[in-house]
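Computed over heavy atoms, backbone and side chain alike; hydrogens, waters and symmetry mates excluded.
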Amino acid sequence: MKKNFKLLGLAAIAVLTTLFSCDEDENNNPTNNVCNVSNPIEELAWLKEKIDNVEDDQYSFYNMATYHKETVFYYGNCNPSTNYVSIIRNCTGDSLGLTNDVFDELTEILTLWKSENSLCNSQD
């Protein structure tokens, strides 16, 4: 009986050690290898510029999604008193249309960026 408890204890220690020693697996990061870059916020110049322009806005965010099997990005604003137009853009920053017109066709939507002090609730 003592032997079973020792084995159970060793197994528990092994499992806990494994769980707590794991770093975030980079392969599970959905922004890895998007648009042939590892960090689209920093490496896509047009996207970085757009984010820099709204960096301090607590209501602004940028989402990434899939549209017709292509990675796309779009701006969002959660301020209820703001009326804005959002454009779907591909990896090179080219416009693919208005977000509102194609929103139902977007899949795998992920909040890519929002202000550190964001007032927006998002799916992440």
Please check if the number of heavy atoms outside Asn90 that lie under 6.0 Å from its CG is greater than 12. yes
Strictly by salt bridge (charged side-chain N to carboxylate O under 4.0 Å, His left out), give each pair with a member in residues 69-95 just once, sequence neighbours left out. none
List in chain and number order the residues that pass side-chain hydrogen bond (donor to acceptor under 3.5 Å, both in side chains) with Ser118, two or more places apart in sequence or in another chain; answer none if no residue qualifies. none
Linking I/L/V/M/F/W/Y whenever their side-chain heavy atoms sit closer than 4.5 Å, directly or via other members, would Val37 and Leu112 fall into one cluster? yes
In terms of side-chain heavy atoms, does Glu43 have a donor or acceptor partner in Ser38 at a distance below 3.5 Å? yes
Who are the side-chain hydrogen bond (donor to acceptor under 3.5 Å, both in side chains) partners of Ser86, not counting sequence neighbours? Thr99
Disulfide (SG to SG under 2.5 Å) pairs touching residues 38-94, sequence neighbours excluded, are Cys35-Cys91, Cys78-Cys120
Heavy-atom pair with the smallest gap, counting every atom of Trp113 and Val54: CH2-O, 3.6 Å
With sequence neighbours excluded, tell me which residues meet side-chain hydrogen bond (donor to acceptor under 3.5 Å, both in side chains) with Glu105. His68
For Thr82, the side-chain hydrogen bond (donor to acceptor under 3.5 Å, both in side chains) test, sequence neighbours excluded, returns Asn79
To the closest 0.5 Å, what do you measure between CG (Leu110) and CD (Glu108)? 9.5 Å
Working note: Phe73 + Asn63, criterion side-chain contact (heavy atoms from CB on, under 4.5 Å); need CA distance, chi angles, decisive distance, verdict. CA-CA 6 Å; Phe73 305 90; Asn63 281 351; over 6 Å; no
Kindly compute the distance separating CG (Leu119) from CG (Asp57), expressed to the nearest 0.5 Å. 9.0 Å
Once ring-ring contact (aromatic ring centres under 6.0 Å, His included) is applied, do any residues pair with Tyr62, and if so which ones, sequence neighbours excluded? Tyr75
Name all residues meeting the salt bridge (charged side-chain N to carboxylate O under 4.0 Å, His left out) criterion together with Asp52; count only those two or more places apart in sequence or in a different chain, and write none if there are none. Lys48
Got a sec, which pairs hit ring-ring contact (aromatic ring centres under 6.0 Å, His included) with one end in residues 91-110, sequence neighbours left out? none
Look only at the side chain of Asp101 and the backbone of Gly97, and say whether a donor-acceptor pair between them is shorter than 3.5 Å. no
Looking only at heavy atoms, what is the nearest atom pair of Tyr74 and Ala65, with distance? CE2-CB, 4.3 Å
I need the Thr71 OG1 to Leu44 CG distance, nearest 0.5 Å. 10.0 Å
Kindly compute the distance separating CG (Leu106) from CE (Met64), expressed to the nearest 0.5 Å. 12.0 Å
Are Tyr67 and Ile109 joined in one hydrophobic group, where the rule is that I, L, V, M, F, W and Y side chains link up if heavy atoms are under 4.5 Å apart? yes
Begin from the C-alpha positions of Leu98 and Ile88 and carry the test side-chain contact (heavy atoms from CB on, under 4.5 Å) through to its verdict. CA-CA 6 Å; Leu98 299 177; Ile88 295 284; over 6 Å; no
Are Tyr84 and Asn77 linked by a side-chain donor-acceptor pair shorter than 3.5 Å? no
Under the side chain to side chain contact (heavy atoms under 4.5 Å, CB included) rule, collect the residues that match up with Asp104, sequence neighbours excluded. none
What distance do Glu116 atom CD and Asp56 atom CG have between them, rounded to the nearest 0.5 Å? 10.0 Å
Should Val72 and Leu96 count as side-chain neighbours, where that means a heavy-atom distance under 4.5 Å? yes
Identify whether Phe61 and Tyr59 are in the same connected component of the hydrophobic contact network (ILVMFWY, side-chain heavy atoms under 4.5 Å). no
